[in-house]
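Working notes for the structure below.
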2 protein chains.
Amino acid sequence: MRTMTDTEKTAAAINQSVELSEEQLRQAIELLFFAYRDFTGEADAILDEYEFGRAHHRVVYFIGRNPEVTVTQLLAILKITKQSLARVLGQLIDEGFVEQRTDAADRRRRLLALTPKGMELDKQLTKRQSLRIAGAYLAAGPQAISGFRQILRGLINAEDRERVDGFFTDIGSDISPKGT
Amino acid sequence: MRTMTDTEKTAAAINQSVELSEEQLRQAIELLFFAYRDFTGEADAILDEYEFGRAHHRVVYFIGRNPEVTVTQLLAILKITKQSLARVLGQLIDEGFVEQRTDAADRRRRLLALTPKGMELDKQLTKRQSLRIAGAYLAAGPQAISGFRQILRGLINAEDRERVDGFFTDIGSDISPKGT
DNA sequence: AAAAATATGTCAGTACTATTGACTTATTTT
DNA sequence: AAAATAAGTCAATAGTACTGACATATTTTT
């Protein structure tokens with residue numbers, strides 16, 4: 001009686017653990033719900049100080065991440081309407097967190113960027129969330145990080161996946177021990 | 001002067017060898033944002049048919065998951081106020097998706113459960129989201145699933161982690177669907 | 001040059017979710 | 001009997017987002 005090869009063992013293991021029970025899928029739903037709730041709740045205290053809401057946070061975040069983004073591009077990223085963005089963006093501009101300049105190449109366009117004040121806010125908001133993520137990353141290790149990324153990427157609509165692919169496509173390797 | 005324990009040495013080693021760049025952490029923030037947005041968007045079309053919103057979805061989901069849950073427990077899970085829940089829960093009860101009965105052991109309590117109609121809605125809503133998750137799970141494989149879970153669990157506030165431990169650990173007695 | 005399309009901005013009205021605060025009723029615990 | 005707990009309700013407010021309609025400036029197409 002022959003023994004299984006390593007490959008066969010792996011295949012069997014995959015088959016067994018890939019049996020996706022309703023229980024397992026519901027667990028994933030709940031993980032997402034609680035993780036997202038706690039993750040977004042992180043910045044709320046800071047936002048309150050500025051009398052801003054989560055919509056302001058998202059706008060600040062994505063302008064910070066994509067300097068010189070246009071209004072239309074921002075709408076595409078956030079998937080909200082122009083009217084919804086207007087309120088939030090207007091406040092951020094009025095209060096000096098975001099600045100607009102006309103694109104010289106196409107004068108219909110307004111290029112959006114954070115002011116130093118806006119960068120400061122972005123940094124403050126992102127720091128908290130980053131700490132939470134860093135904690136989870138460090139506790140779980142590089143393999144887990146790779147899996148986390150792969151699955152979340154798979155949950156994103158195909159059209160938007162490229163947005164999160166960042167500058168490196170070799171998922172997993174970028175977290176490995178430095179210098180070795 | 002005391003020496004480091006093995007655990008401390010390990011922690012120190014991890015801290016030194018793993019470099020979490022701002023870029024990596026921002027990528028995680030974006031993964032969460034897009035994945036959660038697309039994941040929750042999945043059920044919207046169905047909810048529209050019933051003229052319900054996402055709040056109704058969450059309530060149906062958690063009652064389905066925890067039959068005989070009380071109002072207070074549901075508030076603790078959802079972390080919203082009683083007044084917020086009242087509107088949504090009232091509608092669900094009025095329209096026959098959720099039923100209430102008085103707890104015989106403590107007649108102040110109302111035990112909540114889905115009616116067959118409510119179960120049908122829950123199933124319909126969960127199916128879509130489960131398919132999305134199953135797709136990502138199957139594409140990424142068991143190791144990735146494990147990592148995904150570990151990291152998301154690490155993002156959840158410590159108090160609530162037990163809620164998502166599911167079949168692995170004994171869940172907090174406050175929510176379990178009674179028995180012992 | 002005129003027409004069409006694009007990018008942005010704005011006004012008005014509506015819906016959903018969620019909040020704080022105050023108060024009531026019923027029931028159980030102290 | 002008093003205090004605490006569980007649930008329900010009323011009123012007012014805020015934040016986010018939507019649809020629809022329309023205006024202006026600029027660029028592209030015809």
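Lettering follows sequence order; numbering is per chain, from 1. As the structure is a computational prediction, the values presented were derived from the model and not from experiment.
- Projected onto DNA chain D by closest heavy-atom contact, A/Asp106 and B/Leu89 fall at different nucleotides, the more 5' of which corresponds to B/Leu89.
- Rounded to whole Å, atom C1' of C/dT17 lies 14 Å from atom CG of B/Asp44.
- Scanning atom types as modelled, no donor and acceptor separated by under 3.5 angstrom connect the side chain of B/Gln83 and the base of D/dG8.
- In summary, B/Arg26 and B/Glu30 do not engage in a salt bridge, as defined by a charged side-chain N under 4.0 Å from a carboxylate O.
- Summarising the geometry, the separation between CZ on B/Arg101 and P on D/dA6 is reported as 17 Å, rounded to the nearest angstrom.
- For A/Thr81, no side-chain nitrogen or oxygen approaches OP1 or OP2 of D/dA17 to under 4.0 Å.
- Here A/Ser84 reaches the OP1 or OP2 of D/dC18: one of its side-chain N or O atoms lies under 4.0 Å away.
- Atom pair B/Asp48:CG and C/dC16:C1' shows a separation of 12 Å (rounding to whole Å applied).
- Residues A/Phe62 and A/Val69 have side chains not in contact (no heavy-atom distance under 4.5 Å, counting atoms from C-beta outward).
- Here the P atom of nucleotide C/dT6 and the CG atom of A/Asp103 are 17 Å apart, to the nearest Å.
- Residue A/Arg87 places none of its side-chain N or O atoms closer than 4.0 Å to OP1 or OP2 of C/dC11.
- In the model, B/Glu95 has no side-chain atom that pairs as donor or acceptor with a side-chain atom of B/Tyr50 under 3.5 Å.
- In this structure, A/His56 does not reach the D/dG15 phosphate: none of its side-chain N or O atoms is under 4.0 Å from OP1 or OP2.
- Whole-Å rounding puts the A/Leu47 CG to C/dA18 C1' distance at 16 Å.
- For D/dA17, one of the phosphate oxygens OP1 or OP2 lies less than 4.0 angstrom from a side-chain nitrogen or oxygen of A/Arg58.
- Residue order along DNA chain D, read from the 5' end via each residue's closest nucleotide, puts B/Val71 first among B/Val71 and A/Ala104.
- The distance from atom CD of B/Gln91 to atom P of C/dA15 is 13 Å, rounded to the nearest whole Å.
- Taking the six-membered ring for Trp and the full ring otherwise, the centers of B/Phe39 and A/Tyr36 sit at least 6.0 Å from each other.
- Judged by distance alone, with hydrogens and angles left aside, B/Arg108 brings a side-chain donor or acceptor within reach of the base of D/dT5, the pair sitting under 3.5 Å.
- Contact check, B/Gln100 against D/dG8: a side-chain N or O comes under 4.0 Å of OP1 or OP2.
- Of the N and O atoms on the side chains of B/Asn66 and B/Arg163, not one donor lies less than 3.5 Å from an acceptor on the other residue.
- Remark: C1' of C/dT6 and NZ of A/Lys82 are 10 Å apart, rounded to the nearest angstrom.
- Taking atom CZ of A/Phe52 as the reference point, atom P of D/dT16 lies 10 Å away to the nearest angstrom.
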